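For reference, the structure discussed in these notes is given below.
By convention in this document, chain letters (A, B, ...) are assigned in the order of the sequence lines, proteins followed by strands, and residues within each chain are numbered from 1. From a predicted model like this one, the values you see are computed outputs, not experimental measurements.
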2 protein chains.
Amino acid sequence: MGLTRSEIFTDEQNQLSTLLKAIAHPARIAILQRIIISNTCICGDLVGELGLAQATISQHLKELKLAGIIQGTIEGVSVCYCINPKTWKLLEEQLGGFLASYKGETTCC
Amino acid sequence: MGLTRSEIFTDEQNQLSTLLKAIAHPARIAILQRIIISNTCICGDLVGELGLAQATISQHLKELKLAGIIQGTIEGVSVCYCINPKTWKLLEEQLGGFLASYKGETTCC
DNA sequence: TAATTACATCGTAAAATTGCAATATATAAT
DNA sequence: ATTATATATTGCAATTTTACGATGTAATTA
(Lines give C-alpha, C1' and ligand atoms only; values in the text may rest on other atoms or scores of the structure.)
Protein backbone atom coordinates (compact mmCIF):
# COMPACT_ATOMS: atom_id res chain seq x y z
CA MET A 1 0.00 0.00 0.00
CA GLY A 2 2.93 2.33 -0.42
CA LEU A 3 4.42 2.16 3.04
CA THR A 4 7.39 -0.01 3.96
CA ARG A 5 6.63 -2.58 6.65
CA SER A 6 9.59 -1.75 8.90
CA GLU A 7 8.18 -3.70 11.85
CA ILE A 8 9.03 -7.04 10.31
CA PHE A 9 12.74 -6.25 9.85
CA THR A 10 15.62 -5.90 12.26
CA ASP A 11 16.83 -2.52 13.50
CA GLU A 12 20.07 -3.05 11.61
CA GLN A 13 18.28 -3.74 8.36
CA ASN A 14 16.09 -0.69 8.79
CA GLN A 15 18.97 1.56 9.79
CA LEU A 16 21.15 0.48 6.89
CA SER A 17 18.33 0.91 4.39
CA THR A 18 17.60 4.39 5.73
CA LEU A 19 21.22 5.45 5.30
CA LEU A 20 21.37 3.91 1.85
CA LYS A 21 18.17 5.57 0.74
CA ALA A 22 19.59 8.92 1.82
CA ILE A 23 22.56 8.58 -0.52
CA ALA A 24 20.74 6.69 -3.28
CA HIS A 25 20.17 9.72 -5.49
CA PRO A 26 22.59 11.20 -8.03
CA ALA A 27 22.03 14.75 -6.74
CA ARG A 28 22.79 13.74 -3.17
CA ILE A 29 25.86 11.78 -4.28
CA ALA A 30 27.01 14.87 -6.18
CA ILE A 31 26.38 17.05 -3.13
CA LEU A 32 28.38 14.73 -0.89
CA GLN A 33 31.24 14.53 -3.38
CA ARG A 34 31.32 18.31 -3.59
CA ILE A 35 31.36 18.66 0.20
CA ILE A 36 34.13 16.08 0.49
CA ILE A 37 36.31 17.72 -2.18
CA SER A 38 36.12 21.16 -0.59
CA ASN A 39 36.91 19.61 2.76
CA THR A 40 35.94 22.94 4.20
CA CYS A 41 32.17 23.42 3.90
CA ILE A 42 30.29 25.15 1.12
CA CYS A 43 26.57 25.46 0.36
CA GLY A 44 25.13 28.11 -1.96
CA ASP A 45 27.76 27.06 -4.50
CA LEU A 46 25.83 23.83 -5.01
CA VAL A 47 22.87 25.64 -6.51
CA GLY A 48 25.00 27.23 -9.23
CA GLU A 49 27.00 24.08 -9.89
CA LEU A 50 24.46 21.25 -9.89
CA GLY A 51 21.85 22.68 -12.22
CA LEU A 52 18.92 22.12 -9.91
CA ALA A 53 16.64 24.78 -8.44
CA GLN A 54 17.54 26.27 -5.07
CA ALA A 55 14.48 24.76 -3.43
CA THR A 56 15.44 21.32 -4.74
CA ILE A 57 19.01 21.54 -3.44
CA SER A 58 17.74 22.72 -0.09
CA GLN A 59 15.40 19.76 0.07
CA HIS A 60 18.18 17.28 -0.72
CA LEU A 61 20.36 18.88 1.94
CA LYS A 62 17.51 18.51 4.40
CA GLU A 63 17.23 14.81 3.67
CA LEU A 64 20.96 14.26 4.12
CA LYS A 65 20.82 16.22 7.37
CA LEU A 66 17.79 14.26 8.56
CA ALA A 67 19.67 11.00 7.98
CA GLY A 68 22.53 12.42 10.01
CA ILE A 69 24.97 12.19 7.11
CA ILE A 70 25.75 15.91 7.02
CA GLN A 71 25.50 18.74 9.51
CA GLY A 72 24.96 22.44 8.91
CA THR A 73 26.16 25.47 10.82
CA ILE A 74 24.90 29.01 10.29
CA GLU A 75 27.77 31.22 9.22
CA GLY A 76 26.62 34.76 8.78
CA VAL A 77 24.11 34.89 5.96
CA SER A 78 24.94 31.48 4.59
CA VAL A 79 25.01 27.97 5.98
CA CYS A 80 28.08 25.78 6.08
CA TYR A 81 27.53 22.06 5.55
CA CYS A 82 29.95 19.25 6.19
CA ILE A 83 30.06 15.49 6.64
CA ASN A 84 29.03 14.09 10.00
CA PRO A 85 32.06 11.87 10.74
CA LYS A 86 30.14 9.67 13.16
CA THR A 87 27.42 8.69 10.71
CA TRP A 88 29.90 8.33 7.88
CA LYS A 89 31.88 5.87 9.98
CA LEU A 90 28.72 4.00 10.88
CA LEU A 91 27.82 3.75 7.20
CA GLU A 92 31.28 2.48 6.35
CA GLU A 93 31.08 -0.18 9.04
CA GLN A 94 27.53 -1.35 8.40
CA LEU A 95 27.88 -1.35 4.66
CA GLY A 96 31.38 -2.76 4.72
CA GLY A 97 30.22 -5.66 6.85
CA PHE A 98 27.27 -6.29 4.59
CA LEU A 99 29.26 -6.20 1.36
CA ALA A 100 32.11 -8.25 2.81
CA SER A 101 29.74 -10.98 3.98
CA TYR A 102 29.59 -12.22 0.42
CA LYS A 103 32.73 -14.10 -0.53
CA GLY A 104 32.35 -14.51 -4.28
CA GLU A 105 31.81 -18.26 -4.16
CA THR A 106 32.20 -20.56 -7.12
CA THR A 107 29.21 -22.74 -6.30
CA CYS A 108 26.32 -20.79 -7.73
CA CYS A 109 23.38 -21.46 -9.99
CA MET B 1 7.78 16.63 -11.08
CA GLY B 2 8.60 13.21 -9.69
CA LEU B 3 11.31 12.18 -12.10
CA THR B 4 15.03 12.33 -11.39
CA ARG B 5 16.96 14.57 -13.78
CA SER B 6 19.65 12.02 -14.64
CA GLU B 7 20.91 14.02 -17.63
CA ILE B 8 22.64 16.55 -15.43
CA PHE B 9 24.73 13.98 -13.54
CA THR B 10 27.70 11.83 -14.52
CA ASP B 11 27.31 8.20 -15.56
CA GLU B 12 29.16 7.16 -12.42
CA GLN B 13 26.82 9.11 -10.18
CA ASN B 14 23.78 7.66 -11.92
CA GLN B 15 25.12 4.12 -11.88
CA LEU B 16 26.03 4.23 -8.22
CA SER B 17 22.68 5.71 -7.24
CA THR B 18 20.88 3.00 -9.22
CA LEU B 19 22.76 0.24 -7.42
CA LEU B 20 22.23 1.91 -4.05
CA LYS B 21 18.52 2.37 -4.67
CA ALA B 22 18.22 -1.33 -5.44
CA ILE B 23 19.58 -2.31 -2.04
CA ALA B 24 18.08 0.60 -0.10
CA HIS B 25 15.09 -1.35 1.21
CA PRO B 26 14.99 -3.53 4.34
CA ALA B 27 13.25 -6.37 2.49
CA ARG B 28 15.87 -6.42 -0.23
CA ILE B 29 18.68 -6.25 2.32
CA ALA B 30 17.07 -9.19 4.12
CA ILE B 31 16.75 -11.09 0.84
CA LEU B 32 20.40 -10.51 -0.02
CA GLN B 33 21.54 -11.52 3.46
CA ARG B 34 19.50 -14.71 3.19
CA ILE B 35 20.97 -15.53 -0.21
CA ILE B 36 24.49 -14.88 1.05
CA ILE B 37 24.06 -17.04 4.15
CA SER B 38 22.78 -20.04 2.22
CA ASN B 39 25.64 -19.61 -0.21
CA THR B 40 23.76 -22.07 -2.36
CA CYS B 41 20.64 -20.41 -3.75
CA ILE B 42 17.12 -20.49 -2.29
CA CYS B 43 13.92 -18.70 -3.23
CA GLY B 44 10.47 -19.84 -2.12
CA ASP B 45 11.86 -20.00 1.41
CA LEU B 46 11.95 -16.21 1.44
CA VAL B 47 8.17 -15.98 1.28
CA GLY B 48 7.73 -18.05 4.42
CA GLU B 49 10.57 -16.39 6.27
CA LEU B 50 10.24 -12.68 5.54
CA GLY B 51 6.56 -12.18 6.33
CA LEU B 52 5.70 -10.47 3.07
CA ALA B 53 3.25 -11.68 0.44
CA GLN B 54 4.55 -13.86 -2.38
CA ALA B 55 3.81 -11.19 -4.96
CA THR B 56 5.78 -8.66 -2.94
CA ILE B 57 8.84 -10.91 -2.61
CA SER B 58 8.69 -11.68 -6.30
CA GLN B 59 8.64 -7.97 -7.05
CA HIS B 60 11.67 -7.26 -4.85
CA LEU B 61 13.55 -10.11 -6.51
CA LYS B 62 12.70 -8.61 -9.87
CA GLU B 63 14.16 -5.26 -8.88
CA LEU B 64 17.36 -6.84 -7.61
CA LYS B 65 17.60 -8.84 -10.82
CA LEU B 66 16.95 -5.76 -12.94
CA ALA B 67 19.79 -3.93 -11.21
CA GLY B 68 21.99 -6.93 -11.96
CA ILE B 69 22.68 -7.64 -8.29
CA ILE B 70 21.23 -11.14 -8.35
CA GLN B 71 20.62 -13.72 -11.04
CA GLY B 72 18.00 -16.47 -11.20
CA THR B 73 18.06 -19.90 -12.77
CA ILE B 74 15.02 -22.10 -13.29
CA GLU B 75 15.45 -25.34 -11.39
CA GLY B 76 12.51 -27.61 -11.94
CA VAL B 77 9.41 -25.97 -10.48
CA SER B 78 11.28 -23.39 -8.48
CA VAL B 79 13.83 -20.70 -9.26
CA CYS B 80 17.30 -20.52 -7.77
CA TYR B 81 18.63 -17.06 -7.07
CA CYS B 82 22.18 -16.07 -6.25
CA ILE B 83 24.45 -13.05 -6.12
CA ASN B 84 25.88 -11.77 -9.39
CA PRO B 85 29.59 -11.61 -8.48
CA LYS B 86 30.40 -9.07 -11.18
CA THR B 87 27.88 -6.49 -10.03
CA TRP B 88 28.68 -7.13 -6.38
CA LYS B 89 32.34 -6.40 -7.09
CA LEU B 90 31.40 -3.26 -9.00
CA LEU B 91 29.31 -2.09 -6.08
CA GLU B 92 32.16 -2.74 -3.66
CA GLU B 93 34.57 -0.79 -5.80
CA GLN B 94 32.34 2.18 -6.61
CA LEU B 95 30.98 2.48 -3.11
CA GLY B 96 34.32 1.78 -1.48
CA GLY B 97 35.92 4.55 -3.50
CA PHE B 98 33.15 6.96 -2.65
CA LEU B 99 33.17 6.24 1.08
CA ALA B 100 36.96 6.25 1.27
CA SER B 101 37.17 9.64 -0.44
CA TYR B 102 36.20 11.21 2.86
CA LYS B 103 39.09 11.25 5.31
CA GLY B 104 37.41 12.27 8.54
CA GLU B 105 39.07 15.69 8.72
CA THR B 106 39.31 17.78 11.83
CA THR B 107 38.59 21.09 10.14
CA CYS B 108 34.82 21.19 9.92
CA CYS B 109 32.04 23.60 10.85
C1' DT C 1 14.74 51.54 8.76
C1' DA C 2 14.92 49.60 4.15
C1' DA C 3 17.02 46.73 0.91
C1' DT C 4 19.79 42.77 -0.09
C1' DT C 5 21.43 38.16 0.33
C1' DA C 6 21.16 33.20 1.54
C1' DC C 7 18.53 29.72 2.74
C1' DA C 8 14.22 27.24 4.32
C1' DT C 9 9.49 26.09 3.84
C1' DC C 10 4.94 25.65 1.55
C1' DG C 11 2.05 24.16 -1.95
C1' DT C 12 1.49 21.55 -5.84
C1' DA C 13 1.97 18.30 -9.81
C1' DA C 14 3.98 14.30 -11.87
C1' DA C 15 5.98 10.09 -11.21
C1' DA C 16 7.83 6.21 -8.63
C1' DT C 17 7.51 2.92 -4.75
C1' DT C 18 5.37 -0.42 -1.76
C1' DG C 19 2.21 -3.98 -0.89
C1' DC C 20 -1.21 -7.36 -1.89
C1' DA C 21 -5.18 -10.05 -3.94
C1' DA C 22 -6.21 -12.14 -8.03
C1' DT C 23 -4.76 -14.28 -11.91
C1' DA C 24 -1.56 -16.24 -15.30
C1' DT C 25 2.18 -19.39 -16.45
C1' DA C 26 5.12 -23.19 -16.43
C1' DT C 27 6.97 -27.41 -14.64
C1' DA C 28 6.28 -31.81 -11.89
C1' DA C 29 3.51 -35.36 -10.19
C1' DT C 30 -0.61 -38.31 -10.41
C1' DA D 1 -5.08 -35.09 -19.24
C1' DT D 2 -5.62 -33.40 -14.60
C1' DT D 3 -3.95 -31.66 -10.49
C1' DA D 4 -0.57 -29.59 -7.59
C1' DT D 5 3.31 -26.57 -6.80
C1' DA D 6 6.27 -22.51 -7.51
C1' DT D 7 6.87 -18.26 -9.38
C1' DA D 8 5.61 -14.21 -12.33
C1' DT D 9 2.47 -10.73 -13.80
C1' DT D 10 -1.50 -7.64 -13.56
C1' DG D 11 -4.28 -4.23 -11.50
C1' DC D 12 -5.06 -1.28 -7.96
C1' DA D 13 -4.72 1.86 -3.75
C1' DA D 14 -1.95 4.29 -0.44
C1' DT D 15 2.20 6.61 0.13
C1' DT D 16 6.53 8.64 -0.92
C1' DT D 17 9.76 10.96 -3.91
C1' DT D 18 11.33 14.50 -7.04
C1' DA D 19 11.18 19.00 -8.69
C1' DC D 20 10.12 23.83 -8.73
C1' DG D 21 7.75 28.45 -8.25
C1' DA D 22 6.33 31.31 -4.73
C1' DT D 23 6.84 32.86 -0.37
C1' DG D 24 8.77 33.21 4.35
C1' DT D 25 12.70 34.04 7.49
C1' DA D 26 16.88 35.63 9.31
C1' DA D 27 21.20 37.95 9.08
C1' DT D 28 24.08 41.59 6.58
C1' DT D 29 24.53 45.91 4.28
C1' DA D 30 23.32 50.51 2.83
Under the side-chain contact (heavy atoms from CB on, under 4.5 Å) test, which residues partner [X], sequence neighbours left out?
| X | value |
| --- | --- |
| A:Leu90 | A:Gln15, A:Leu19, A:Gln94 |
| B:Ser78 | none |
| B:Ala27 | A:Phe9, B:His25, B:Leu52, B:His60 |
| B:Thr18 | none |

Any salt bridge (Lys or Arg N to Asp or Glu O under 4.0 Å) involving residues 11-20 of chain B? Give me the pairs, sequence neighbours left out, ordered by first then second residue. none
What pairs meet the salt bridge (Lys or Arg N to Asp or Glu O under 4.0 Å) rule with one or both residues in residues 52-78 of chain B, with sequence neighbours excluded?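 Sorted result for residues 52-78 of chain B: B:Arg28-B:Glu63.
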Per the side chain to side chain donor-acceptor pair (under 3.5 Å) rule, what does the pair list look like for residues 44-55 of chain A, sequence neighbours excluded?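 Sorted result for residues 44-55 of chain A: A:Arg34-A:Glu49.
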Dump the pairs, protein N or O against N or O of nucleotides 4-10 of chain C, anything under 3.5 Å, distances to one decimal.
residue	atom	partner	partner atom	Å
C:dC7	OP1	A:Gly44	N	3.3
C:dC7	OP1	A:Val79	N	3.3
C:dC7	OP2	A:Gly44	N	3.3
C:dA8	OP1	A:Tyr81	OH	2.4
C:dA8	OP2	A:Ser58	OG	2.7
C:dA8	N7	A:Gln54	NE2	2.8
C:dA8	N6	A:Gln54	OE1	3.0

Can you tell me the distance, in whole Å, between the CG atom of A:Leu64 and the C1' atom of D:dT18?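 Those two atoms, CG and C1', are 14 Å apart.
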Short of 4.0 Å, heavy atom to strand atom, which residues of residues 5-22 of chain A count as contacting DNA chain C?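 Nucleic-acid contacts, sorted: A:Arg5.
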Contacting residues from residues 23-35 of chain A, given that a heavy atom lies under 4.0 angstrom of DNA chain C: none
Start at the 5' end of DNA chain D and walk down; is the nucleotide closest to A:Ile74 or to A:His60 reached first?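 Its nearest nucleotide lies further toward 5', so the answer is A:His60.
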Can you sort out the partners of B:Phe98 under ring-ring contact (aromatic ring centres under 6.0 Å, His included), two or more places apart, ordered by chain and number?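 Partners of B:Phe98 under the ring-ring contact (aromatic ring centres under 6.0 Å, His included) test: A:Trp88.
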Any pair with a residue in residues 33-57 of chain B that passes ring-ring contact (aromatic ring centres under 6.0 Å, His included), sequence neighbours left out, goes on the list, sorted by first then second residue, please. none
Side chain to side chain contact (heavy atoms under 4.5 Å, CB included) with B:Ile31: which of B:Leu61, B:Ile69, B:Ile70? B:Leu61
For A:Leu52, answer base if it contacts any base atom (sugar-phosphate contacts may also be present), sugar-phosphate if it contacts only those atoms, and nothing otherwise; contact means non-hydrogen atoms under 4.0 Å. sugar-phosphate
